[in-house]
Amino acid sequence: MIGIVLRRSPARWFLPLGAAFSLAVLFLRSRYWIGVWPQTAAAAQIPAILLSGLAAAAAAWSVAATTRFGMTEQLRAVAAARWRRELPFVLVVTGYFTGVILLCQVSAAVPTALTWPPGFGLAPGYAVMAMAVIVLSVAFGHLVGKLLSGMFAAAVAGLGWLLIALYLGQMLNLGVVSGPVWDEIDLPTVIARLLFAVALLALAIAIPPQTRDRTDRGWRRKGTTWFGAAALAATVILLGVTVAAGSPVRARQPVASPTCAGQTVKLCLWPEHEKYLPQIEAMAARIERLPDALAVPARVDEYGLTYRPSAPGQTYIVEVAHHSPFFGLVEGSMWAVAVSIADIIGSKNIHPCTKPGTFKSDADNLLAIEFRAWIEAYLVGGTSGPDYHTNAGVDSQNAAARGVARAHQGTAQEQFAWALKTKDAFNYAPCE
Amino acid sequence: MPRASDEPSPLSLFIRSRRVPAGLILTAILCVLIPLVGRTLLQMPTSGTDDGTVVVPAWRLVAVAIAFAPALCCQSPFGEIEDACGHDWRQLRTRVLATYSIGSAILLTAICWVAFSDEIAVAVLRGFIGWWGISVLSGRLLGWRLSWAGPLATLPVLIFWGSGQSGPRWWEFTARPAIDGPAWALATALLAVGVLAYTANTWRRHQLRAALRTVERVPHR
C-alpha cells in the first residue's frame, strides 16, 4: 500500500523542487556557516520552516485524495481499521518532506565535515528541531484537511500553519535563524517536541473525518477506538512535557579551555570557532603592535565564553568586575569583532566628561567617532569598508568614513602618531 | 430563451455548482482577520539582513489567501467536460471570477485603508494584483483546485530572498513602498500573465497550435 501511495502521491513532484529550493536556501546566501557545526545544522534547518507551509497544505491535500478520486466506497470496504487506511498517506507526505530536510542536513554537513571542527554534538538538536517542525505541520495539515475536507482545506492549512507557526515560533522557538556557538539546543526537549508532533499526527489520523465515511461500524471501529485513545493520551502527556520543558534554546556553560590567540593581548574563542583562529591571531598581533601609550585590554573573550552578561544576541559592552570584556563574532563577521574591541580600546583611551551636565563639543565628539572607526578598520586590516549599516547621522557617518579611510592611508607609524594626537586632543578638550 | 419562473437562473446554477459560497465565507473570515491580527509582526528567516531575520506583518500573509480564493472557485465539478461548454457559460464564468476578484480587491484595500494607512492599502492592492496573477497561472497549469500552490510556493522565495540590507528588493512586489515603479510594473505583468493564462483555455490553445502548424506548412519563397 505504501509503495502505491509513494508512487501516486502528488508530493512526489515536490521532491526535486523541494530539494532544489532547500539547497538554494542553504547555498544562495552568506556561507559563514560552513566550518562551524551548530551554524551548519541551524542553516540546514531554515528550509524546514519555509517549507512547513507547503507540508501542511500537502497533508491536507492528501487527506482529501480519497473523496477527490471517488474512492470512498472502495476504501470503506477494506477489511482494516480506518487509521490503517490513512496511515500510508500520512507517512508518504511526512516521508517526502522529511527526506528533503534530511538531504539538506547531509548536504550542509559535507563541506563542514571536510575540516571536521569540534562541536559536532551541537548539530543533532537542530536536525531534530527541523524534523519536529515538519511533522507538526503535517499533523496540523492533516487535522485541517479532515475538519474542512473541502477544496479550501489545503490552502487554509498551508497559510494557517505559516501564521500560527511563525507567531508561536517566536515565543516557543519552533525554529531558529542561526545557531550561535554560545547557545545549544536541548536534545531531550526537541525529542519530546518531535514525539508530541508524532502523537498529534496519530490523533489527527484517529479523528473521524467530516464526510460520509463516518459509517464504520462493528469490529473495525474498535481498532480505531484503541488507536485514538492511545494517541489522545500520548498527545496530552507529551503536550504537558513539551510545555513544561519550555524553549529548547539554552545558554551554553562556559568552557574550561577556550582557544586563545595572542601573547600580551589574548583574544579567546569558543573551540567550535577554530576556523576563525587565523583571522583572530592576525587581529591580536595588530593590537600588540599598537603604541604603548594606547591602553589595551589584557584579554578579550568571545561572547558567553566565560560569563553571560546579557540576553542571547545582545552584544553591547559592559564592564563586569573579575571578568574579561567580550566581543561578538556574529555570522563570521570580523567587523563585528572589531567593533566590540574598538569599543573596549576606545573606552580605555577616550574619556568623556565626568562632571554631571558637562559635555565635549560636537567637533570633539566627531573626533572620538573618527578615532574608534580608525581602530575598527585598523584591527580588521585590508582595504575594505565596514560590512554593517548604521542609521547614525550624516556627520557621524562622515566622521566614521574618515576614520576608516585613515586606516588605509600612510604607514602604521603615521597612523599611530595621528591616533595619539587625536586621543590627547579629545581628552584635553574642555568640558562645557 | 424564456424560463419557467421556478427554474433557477444560470448564474444561480453556476454559483451552486462550485464552491463560490464557501469561497465567500473564507474571504469574509480573512477580511475580519486582517484588522484583528494584521499588525502582528512575524519574524522570518532571510538571506539579506545582518541578523538573518526579516519582520513580516501578518496582513501580508492573509492578503495572499484573499487573492487566491477567487481562482479556487473556478474549479468545476464537471471536470474536463466543461472545456466543451458554450460561449454563455464561459462568459458567466469570467463574469463571476471578475466580480469576485474585483470585489475582493476593493474590500481588501478598503479594510487596510481603514485599519492601517493609505500607504499599506496601496501596497496591499499591488500585492493582491500580483498574487492573483500567480494563482490564476498556477490554476491553469496545475488545475484550478491547486490555485493556492503557486502563491504558497512563491511566498517563501519572496520572504527568503526578497529582503536586502537597505529594505525589500525591487521585485518584492508585496513589501515595496506604495508608489514604486518596478514593483507596480511586476505586479501588472503578473496580472497580465494571469489574464493570459485564464484566456488560454484548451480550445484556444488547440486553435493556436493549429494556426502555428498552418504557418509552418506555408512554403518559404
Side-chain angles (χ1 to χ4, degrees), chain A residues 10 13-14 17-18 21-22 24-30 32-33 42-43 45-54 56-58 60-61 64 68 148 150-170 175-178 313 330-331 333 335-336 387-389, chain B residues 18-19 22-23 25-27 29-30 33 37-38 40-56 58-69 71-75 77 135 142-149 151-153 155-161 164-167:
Chain A
W13 300 114
F14 163 79
L17 288 175
F21 174 78
S22 303
V25 166
L26 198 56
F27 291 104
L28 296 184
R29 57 170 290 195
S30 156
Y32 70 89
W33 52 266
Q45 165 264 180
I46 289 175
I49 309 170
L50 294 169
L51 289 177
S52 61
L54 277 177
W61 178 261
R68 203 165 50 245
L148 289 181
M151 214 166 57
F152 296 95
V156 169
L159 265 174
W161 168 258
L162 273 184
L163 272 172
I164 292 170
L166 291 169
Y167 186 64
L168 288 181
Q170 289 170 35
V176 291
V177 292
S178 72
V330 183
E331 308 211 337
S333 165
W335 279 94
D387 64 353
Y388 60 87
H389 290 73
Chain B
R18 44 208 81 205
R19 297 301 182 91
I25 292 171
L26 177 70
T27 306
I29 293 172
L30 292 169
L33 269 181
V37 302
T40 312
L41 297 175
L42 306 165
Q43 276 199 340
M44 299 186 117
T46 181
S47 66
T49 59
D50 279 339
D51 63 349
T53 56
V54 60
V55 173
V56 179
W59 56 258
R60 267 173 62 196
L61 296 186
V62 181
V64 182
I66 297 185
F68 66 57
L72 264 175
C73 291
C74 287
Q75 171 66 26
S135 71
L142 308 170
W144 295 110
R145 201 188 265 273
L146 277 168
S147 306
W148 52 268
L152 222 56
L155 194 61
V157 175
L158 284 191
I159 288 168
F160 193 72
W161 287 289
Q165 290 285 7
S166 46

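Keep in mind the model is a prediction, meaning the values are calculated, not measured. Each chain gets a letter, A, B and so on, in the order its sequence line appears, and its residues count up from 1.
Looking only at heavy-atom pairs under 4.5 Å with chain B, the residue among A:I49, A:L28, A:V156, A:L17 that has the most is A:L28. The candidate from B:L146, B:L30, B:I159 with the greatest count of non-hydrogen atom pairs under 4.5 Å with chain A is B:L146. Across A:V176, A:L162, A:L54, the residue that shares the most heavy-atom pairs under 4.5 angstrom with chain B is A:L54.
For B:W144, no part lies near chain A; criterion is any non-hydrogen pair under 4.5 Å. Contacts of A:A336 with chain B are absent, with no heavy-atom separation under 4.5 Å from either backbone or side chain. With a 4.5 angstrom heavy-atom cutoff, B:L152 touches chain A via backbone and side-chain atoms both. Both the backbone and the side chain of B:V157 come within contact range of chain A, judged by heavy atoms closer than 4.5 Å.
Judged purely by atom type and a 3.5 angstrom limit, B:T27 has no side-chain atom pairing as donor or acceptor with the backbone of B:I66. For the pair B:W148 (side chain) and B:R145 (backbone), a donor-acceptor distance under 3.5 Å is present. Judged purely by atom type and a 3.5 angstrom limit, A:S333 has no side-chain atom pairing as donor or acceptor with the backbone of A:V330.
Ring centers of A:F27 and A:W33: under 6.0 Å apart, within the cut-off.
The minimum heavy-atom distance between B:P45 and B:V54, with the atom names listed, is O-CG1, 4.4 Å.
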Test side-chain contact (heavy atoms from CB on, under 4.5 Å) on B:L155 and A:L159; report intermediate values, then the result. CA-CA 10 Å; B:L155 194 61; A:L159 265 174; 4.1 Å; yes
